[in-house]
Amino acid sequence: MTDYTPVTLQQATIYFSDLDRCEEYMRRIRWGDGAPSCPRCGAKGVRIGEIKTRRMLKCRDCKKQFSSRVGTVFESSKIGLDKWFLAVWLIANCKNGISSYELARDVGVEQKTAWFMIHRIRAAMEVSGDKFDGTNEADTTYVGGKSANMHKSRREKIIKGRGAVGKAIVQAVLQRGEVSQARADVVGTDDAAKLIPAICGHVQHGATVYTDAAAAYSALPITHSHDSVDHARRYVAGHVHINGCENFFSLLKRTLGGTYIAVAPFHLFRYCSEQVFRFNHRITNDFMRFEKTLSQIAGKRLTYRVLTGQDDAGFMGIK
């Protein structure tokens with residue numbers, strides 16, 4: 001493989017139109033410069049043969065045939081890598097996201113197939129890293145339709161409670177820095193029993209956390225250095241504000257309200273993962289975001305049965 005890297009969508013489309021080149025690139029993503037290894041017995045090196053006509057590999061020890069897709073989000077897919085790579089490029093780099101209908105037209109597949117592809121790529125975008133340190137912000141937002149657009153029977157239930165009744169709750173934690181980094185979780189409720197453990201899961205003990213004046217954060221000083229700003233009086237008090245989280249939420253809601261329109265609550269956590277990925281890698285170029293997504297595809301297989309709730313494992317994203 002040459003050192004050439006595509007910069008634009010047009011260049012990426014041309015470059016990855018060759019399936020042999022795609023296969024070579026996929027193997028480099030999986031195994032780097034090392035030899036492929038058998039997923040069954042672990043054999044590698046000269047013990048692995050190649051079936052070039054089918055772009056497959058074969059272990060000479062256990063006789064198992066396997067492909068570079070095994071153990072990745074691409075496993076068992078009949079879609080060619082040329083279409084998969086184009087889909088990854090589009091999802092990783094479209095600022096406001098891309099709908100399954102648009103992706104279906106762009107890569108030449110059915111809408112249902114495109115929807116499945118997008119969710120598998122979102123699964124690859126999910127990442128858990130080291131806990132945040134330094135100065136951080138935490139805030140929640142509510143995702144759901146406007147009551148004015150709801151059926152009368154549903155609207156009557158909503159107006160009996162707060163404006164958040166019937167909506168999904170997303171909590172974001174943002175680490176300030178030269179390039180701020182974010183994490184987001186879909187939480188079941190906005191009380192201390194849910195919000196504080198989520199913050200503790202993302203922020204190191206003793207680090208600084210700024211929030212609004214919600215009562216749910218009253219116990220946060222036990223584990224972290226905490227200060228808050230009361231939005232009923234002001235939005236910024238020196239360094240104490242949560243404008244970074246508000247910025248992240250505005251980007252998230254732009255994709256949900258402008259591109260995806262209707263998002264099922266049980267899939268919301270993957271849409272959050274997509275936006276977190278693009279937010280955290282916003283200063284890199286298109287190719288770097290594309291390659292970063294591909295570097296995370298291993299060990300994250302998502303089946304259609306799990307995605308559609310026919311199998312419970314990995315279905316619900318609410319914590």
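Computed from a prediction, not measured in an experiment: that's the story for all the values here.
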Exercise for the section: Mind running salt bridge (Lys or Arg N to Asp or Glu O under 4.0 Å) on E291 and R28 for me, showing each step along the way? Expected result: CA-CA 11 Å; E291 194 165 52; R28 192 182 73 176; 3.6 Å; yes
Problem - Working for salt bridge (Lys or Arg N to Asp or Glu O under 4.0 Å), residues R27 and E50 - result: CA-CA 12 Å; R27 293 180 188 180; E50 183 176 7; 3.0 Å; yes
Practice task
Could you please spell out the steps behind the side chain to side chain donor-acceptor pair (under 3.5 Å) verdict for K253 and T141?
Solution key: CA-CA 10 Å; K253 290 188 174 183; T141 192; 2.8 Å; yes
Exercise for the section: Verify side chain to side chain contact (heavy atoms under 4.5 Å, CB included) between L81 and Y25, making sure each step is shown before the conclusion. Expected result: CA-CA 10 Å; L81 287 177; Y25 189 85; over 6 Å; no
Practice task
Let me see the working for F66 and M56 under side chain to side chain contact (heavy atoms under 4.5 Å, CB included), right down to the final yes or no.
Solution key: CA-CA 6 Å; F66 62 96; M56 296 283 289; 5.6 Å; no
Exercise for the section: In sequence, state the C-alpha distance, the side-chain angles, and the governing distance for I79 and V109, and then conclude on side chain to side chain contact (heavy atoms under 4.5 Å, CB included). Expected result: CA-CA 9 Å; I79 305 298; V109 296; 4.0 Å; yes
Handout entry: side chain to side chain contact (heavy atoms under 4.5 Å, CB included) evaluation trace for L174 with F279
Key = CA-CA 11 Å; L174 180 138; F279 181 84; 3.8 Å; yes
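The salt bridge (charged side-chain N to carboxylate O under 4.0 Å, His left out) test with D20 is passed by exactly one of R54, R55, K52: R55. For the pairing with R270, the side chain to side chain contact (heavy atoms under 4.5 Å, CB included) check across M125, E126, R120 returns one residue only, E126.
Here the CG atom belonging to N93 is positioned 7.5 Å from the OG1 atom belonging to T293, to the nearest 0.5 angstrom. Considering CD1 of I199 and CZ of R183, their distance stands at 13.5 Å, rounded to 0.5 Å. Taking CG from L268 and OG from S273, the interatomic distance works out to 9.5 Å, rounded to the nearest 0.5 Å. Note that CD1 of I242 and OH of Y210 are 12.5 Å apart. Values are rounded to the nearest 0.5 Å. In this structure, F116 CZ and S100 OG are separated by 13.5 Å, a value rounded to the nearest 0.5 Å. If you take CD1 on I98 and CD on E274, they are separated by 9.5 Å, rounding to the nearest 0.5 Å.
At least one donor-acceptor pair under 3.5 Å links the side chain of E137 to the backbone N or O of C245. When atom types are taken as modelled, the side chain of Q175 and the backbone of D133 share a donor-acceptor pair closer than 3.5 angstrom. Panel note: side chain R278, backbone I91; a donor-acceptor pair is recorded below 3.5 Å. With hydrogens and angles ignored, the 3.5 Å screen pairs no side-chain donor or acceptor of N96 with any backbone N or O of T255. Looking at K44, its side chain never comes within 3.5 Å of a backbone N or O of C38 through a donor-acceptor pair. With hydrogens and angles disregarded, no donor-acceptor distance shorter than 3.5 Å links the side chain of H224 to the backbone of H226. Between the side chain of K194 and the backbone N or O of T189 there is no donor-acceptor pair closer than 3.5 Å. Under the 3.5 Å distance criterion, the side-chain polar atoms of Q11 are matched with a main-chain donor or acceptor of V7.
K64 places a side-chain heavy atom less than 4.5 Å from the side chain of P39. Here the side chains of R234 and H241 are not in contact, with every heavy-atom distance at 4.5 Å or above. Contact check for Q275 versus C272: no side-chain heavy atoms found under the 4.5 Å cut-off. Within the 4.5 Å cutoff, side-chain heavy atoms of Q296 are placed close to those of V127. At a threshold of 4.5 Å between non-hydrogen side-chain atoms, the residues I48 and C59 count as touching. Residues R69 and R30 are not in side-chain contact: their nearest non-hydrogen atoms beyond the backbone lie 4.5 Å or more apart. For the pair T211/D139, no side-chain contact is recorded, criterion being any heavy-atom separation below 4.5 Å from C-beta on. Proximity of K131 to V203: side-chain heavy atoms (C-beta onward) are nowhere separated by under 4.5 Å.
Considering every non-hydrogen atom in both A87 and V107, the closest pair reads N-CG1, 4.4 Å. Counting all heavy atoms, side chain and backbone alike, R40 lies closest to C62 at CD-SG, 3.8 Å. Summarising the geometry of V263 relative to L256, their closest heavy-atom pair is CG2-CD2, 3.8 Å, with the distance given to 0.1 Å. When all heavy atoms of W31 and S67 are compared, the closest pair comes out as CH2-O, 4.4 Å. Of all heavy-atom pairs between F74 and L294, the closest is CZ-CD2, 3.9 Å. Here the closest non-hydrogen pair linking L302 and A123 is CD2-CB, 4.3 Å.
Judged by distance alone, the side chains of S76 and R301 do bring a donor and an acceptor atom under 3.5 Å apart. A donor-acceptor contact closer than 3.5 angstrom links the side chains of H202 and D185. Looking at S68 and E23, their side chains do bring a donor and an acceptor atom within 3.5 Å of each other. Side chains of T140 and Q171: no donor on one and acceptor on the other come within 3.5 Å. Residues S180 and R282 bring a donor and an acceptor atom of their side chains to less than 3.5 Å of each other. Counted by atom type alone, Y142 and D190 present one or more donor-acceptor pairs between their side chains at under 3.5 Å. At a cut-off of 3.5 Å, with distance as the only test, no side-chain donor of Y15 or Q10 sits close to an acceptor on the other residue. K292 and T284 share no donor-acceptor pair across their side chains, judged by distance under 3.5 Å alone.
Here R289 pairs with D286 in a salt bridge; the nearest charged N to carboxylate O distance falls below 4.0 Å.
W89 and F287 have tilted rings, their planes meeting at an angle from 30° to 60° on a 0 to 90° scale. Ring orientation note: the planes of W115 and H267 are nearly perpendicular, at an angle over 60° on the 30°/60° scale. Between Y271 and Y260, the angle of the ring planes goes over 60°, which puts this pair in the perpendicular group of the 30/60° scheme. In this structure, F85 and F290 have perpendicular ring planes: the angle between them is above 60°, well past the 30° mark.
No more than 12 heavy atoms of other residues, nucleotides or ligands shown are found within 6.0 angstrom of CD1 on I222. Within a 6.0 Å radius of CG in D130, no more than 12 heavy atoms belonging to other residues, nucleotides or ligands are found.
Here S218 pairs with nothing under the side-chain contact (heavy atoms from CB on, under 4.5 Å) rule; sequence neighbours left out.
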